[in-house]
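These numbers come from a predicted model, not from an experiment.
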Amino acid sequence: MEEVRIHEGKEIYPLTAAQRIFLYTLQTCPHKQVLNIGTSMLIGNDIEFDYLREAIKRTYERNEALRIQITKTPEGATYQYVAPVNTEQEIEYADFSEKTQAEVDEILRGWTAIPLDQYDKPLNRMVMLNTADNYRGIYFVVNHMTLDSAGIFAMLTDLVEIYCSLKYGLEYPKAMQSYIKALKKDLAYESDSPQRKKDALYWHQYYMQSEPIFTDVQGTARLQEERKEMNNPNLRAVRMKQTDLSADHEVFHLEPQPTRELLDYCESNRVPMVCLLIMGIRTYLSKQNNFEKDISIKSTVARRATVLEKKSGGTRVHFFPCRSIVEENQTFKEGIQVVQQSQNEIFKHANYDPVALLGELQELYGYEPGFTHECMSLTYQPLSFRSKDERLKGVDYKCKWYPNGMAGQALYLTVMHNSYDQGLDFYFEYQPSMVSKQQLQDMYYYMCKIIFLGVQNEEMTVGEILRTV
């Protein structure tokens, strides 16, 4: 794969596999705001806007990913480039001191639903905010093709550390890493590298073993309906018939004490939190689908293992099927081990192109585009904003994420640590046309019940847990 071309005087590069996921998303959801990620970071401290404005400008200078733009060649191919620093950049300011928190949230949700220009324009917007409760900070919206949540956290951390250096004279933060350098490594992998060949072989063998089966939060109804419509009683996938792509969100909060119990279990048993969450989800889906032992959901892989990957921004998220086959006579602990083994294999081969994999899967089983074995995706976000500045230790701050009003998939669960008390927030983004609020409430309730029952009784069999809950 060619790495660089010159187009209209710019060095342009192909999109990465992670970015092509979002081009694929736009094919199924033509509403451009579906790629918007909106967030705010507000600090309950005497923030001085002159320092904050300067810190924002320096953040754009230091972070190449904030200056990514997308372009099209005369042949219609999509490329990317890093725009030069805009020395004349004006930083917006919004005074919300006369508005309630509910009104502010409504405004910011509205901003997040405004599509960003797709080609040859900045793919993000940053606004300084002042609110009635004396919180000050920023609102930030970005196209997902240029930053993911880990990239946003790294950017926010850098921004605040620059601010603290300017205002308090603290040590200036180390430089961010080059997005272009990380991009070239990704493109080199895709250029028929030996590792890519190994990953391709793994995923081919993964699906050749046997076909997964679709399991839904609503039970077996959708699969049975699809089997009847396709006149195939052995069908194991369904078409995602999404006629209404409008989305809503629901957040459930797990308090600090029970969150601490789960973290302690993970630490003492060397179990990643994401595996514990998947165990809860897959057991709930088993309960909803006649105790089906073969469960598959889409698991998100951040791909941020190295310093270069952690601090270069960009979007690096890949989605892969996490399939676990757990027998009823296996214990909760053994079930987690099955899930963990599946996750470990995913991590080893997570650089492979998920869109290419989807095409290969459809070809293998003879499915048309739109068929799937997974009813939902899961992201566990272990990061929460933290500043190294001692003056800000213990100072209240608020980080919020805002929905954009559209979703390319029926159900997407993000679990993250709450900025208020470090409990867990279960953030469901969903299409009301496909999933109801009551079904989400049931899922959260039973998922937590399953997880805590298993954590407190890890030798209890999965069958016993299924019959107990």
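For Q343 and S299, the side-chain atoms include at least one donor-acceptor pair closer than 3.5 Å. Q441 and Y446 are not linked by any side-chain donor-acceptor pair at a separation below 3.5 angstrom, with hydrogens and angles left out of the test. Side chains of Q80 and Q19: a donor-acceptor N/O pair is present below 3.5 angstrom, by distance only. Side chain to side chain, T131 and Q101 fail the donor-acceptor criterion of an N or O pair below 3.5 Å.
For E48, there are no side chain to side chain donor-acceptor pair (under 3.5 Å) partners two or more places apart in sequence or in a different chain. Legend: residues meeting salt bridge (charged side-chain N to carboxylate O under 4.0 Å, His left out) with D199, ordered by chain and number and at least two apart, are absent. Not counting sequence neighbours, the partners of Y139 by the side chain to side chain donor-acceptor pair (under 3.5 Å) test are T112. Residues meeting the salt bridge (charged side-chain N to carboxylate O under 4.0 Å, His left out) test with R196, sequence neighbours left out: none. For D248, the salt bridge (charged side-chain N to carboxylate O under 4.0 Å, His left out) criterion is met by no residue, not counting sequence neighbours. Residues passing the salt bridge (charged side-chain N to carboxylate O under 4.0 Å, His left out) test with D120: none are found, sequence neighbours excluded. With sequence neighbours left out, D50 forms a side chain to side chain donor-acceptor pair (under 3.5 Å) with R53. Take K398 and apply the side chain to side chain donor-acceptor pair (under 3.5 Å) test, not counting sequence neighbours, and it matches D133.
S433 places a side-chain N or O within donor-acceptor distance of the main-chain N or O of D244, the cut-off being under 3.5 Å. Looking only at distances, no side-chain donor or acceptor of H417 sits under 3.5 Å from a matching main-chain atom of P382. With Q422 contributing its side chain and N418 its backbone, the two residues share a donor-acceptor pair below 3.5 Å. When atom types are taken as modelled, the side chain of T283 and the backbone of M279 share a donor-acceptor pair closer than 3.5 angstrom. At distances below 3.5 Å, at least one donor-acceptor pair connects side-chain atoms of T259 with backbone N or O atoms of L424. One N or O on the side chain of N404 and one on the backbone of V34 form a donor-acceptor pair closer than 3.5 Å. Side chain of T146 to backbone of N143: a donor-acceptor contact under 3.5 angstrom is found. In terms of modelled atom types and a separation under 3.5 Å, the side chain of Q431 and the main chain of A247 share no donor-acceptor contact.
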**OP:** Determine, stepwise, if the pair K348 / E345 fulfils salt bridge (Lys or Arg N to Asp or Glu O under 4.0 Å).
**Re:** CA-CA 5 Å; K348 289 179 186 177; E345 290 298 313; 3.3 Å; yes
Subject >> Audit row: K311, D158, salt bridge (Lys or Arg N to Asp or Glu O under 4.0 Å) steps and yes/no >> reply: CA-CA 9 Å; K311 299 197 67 177; D158 191 52; 5.6 Å; no
**OP:** Go through the steps to decide whether E309 and R316 satisfy the test salt bridge (Lys or Arg N to Asp or Glu O under 4.0 Å), and finish with yes or no.
**Re:** CA-CA 8 Å; E309 293 166 351; R316 302 193 57 79; 3.6 Å; yes
**OP:** Test salt bridge (Lys or Arg N to Asp or Glu O under 4.0 Å) on E267 and R260 and set out the steps.
**Re:** CA-CA 10 Å; E267 290 171 7; R260 185 70 258 172; 3.0 Å; yes
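Among residue pairs with one or both ends in residues 418-442, those qualifying as salt bridge (Lys or Arg N to Asp or Glu O under 4.0 Å) are E250-K437; sequence neighbours excluded. Pairs passing the salt bridge (Lys or Arg N to Asp or Glu O under 4.0 Å) check and including a residue from residues 100-110, sequence neighbours excluded, read D105-K400, E106-R109. Among residues at least two apart or in separate chains, there is no ring-ring contact (aromatic ring centres under 6.0 Å, His included) pair with a member in residues 260-281. Applying the ring-ring contact (aromatic ring centres under 6.0 Å, His included) definition to pairs two or more places apart or across chains, those involving residues 27-64 are F49-Y93.
To the nearest 0.5 angstrom, K57 atom NZ is 11.5 Å from L52 atom CG. Note that CG of L123 and CG of L116 are 6.5 Å apart. Values are rounded to the nearest 0.5 Å. Between L26 atom CG and I21 atom CD1 the span is 12.5 Å, to the nearest 0.5 Å. Of the inter-residue distances, the one linking Y179 atom OH with T315 atom OG1 reads 8.5 Å to the nearest 0.5 angstrom. In this structure, the separation between OH on Y13 and CD1 on I68 is 11.5 Å, given to the nearest 0.5 Å. How far CD of E161 is from CG of L156: 11.0 Å, rounded to the nearest 0.5 Å.
Between Y412 and T300, the shortest heavy-atom distance links the atoms OH-OG1, 3.8 Å. Contact detail for R304 and D148: the closest heavy-atom pair is NH2-OD1, 2.9 Å. Closest approach of M41 to C399, counting heavy atoms only: CG-SG, 3.9 Å. The two residues F320 and H349 come nearest to each other via the heavy atoms CZ-O, 4.0 Å.
Between Y430 and H249, a ring centre-to-centre spacing not shorter than 6.0 Å is recorded. Taking the six-membered ring wherever Trp is involved, the centroid distance between the rings of W111 and Y402 does not fall below 6.0 Å. Aromatic ring centroids of F214 and H373 lie 6.0 Å or more apart.
Side-chain contact between F426 and L277 is present, with at least one heavy-atom pair separated by less than 4.5 Å. Side-chain atoms of V142 and N36, non-hydrogen and from C-beta on, never get closer than 4.5 Å to each other.
Below 30°, between 30° and 60°, or above 60°: for F252 and F428 the angle between ring planes is above 60°, a perpendicular geometry.
The residues E61 and R58 are annotated as not salt-bridged, no charged nitrogen and carboxylate oxygen being separated by less than 4.0 angstrom. Of the charged side-chain nitrogens involved, none lies within less than 4.0 Å of a carboxylate oxygen, so that K181 and E64 do not count as a salt-bridged pair.
In this structure, K298 forms no cation-pi arrangement with F319, as its terminal cationic atom is not both closer than 6.0 Å to the ring centre and no more than 45° off the ring axis.
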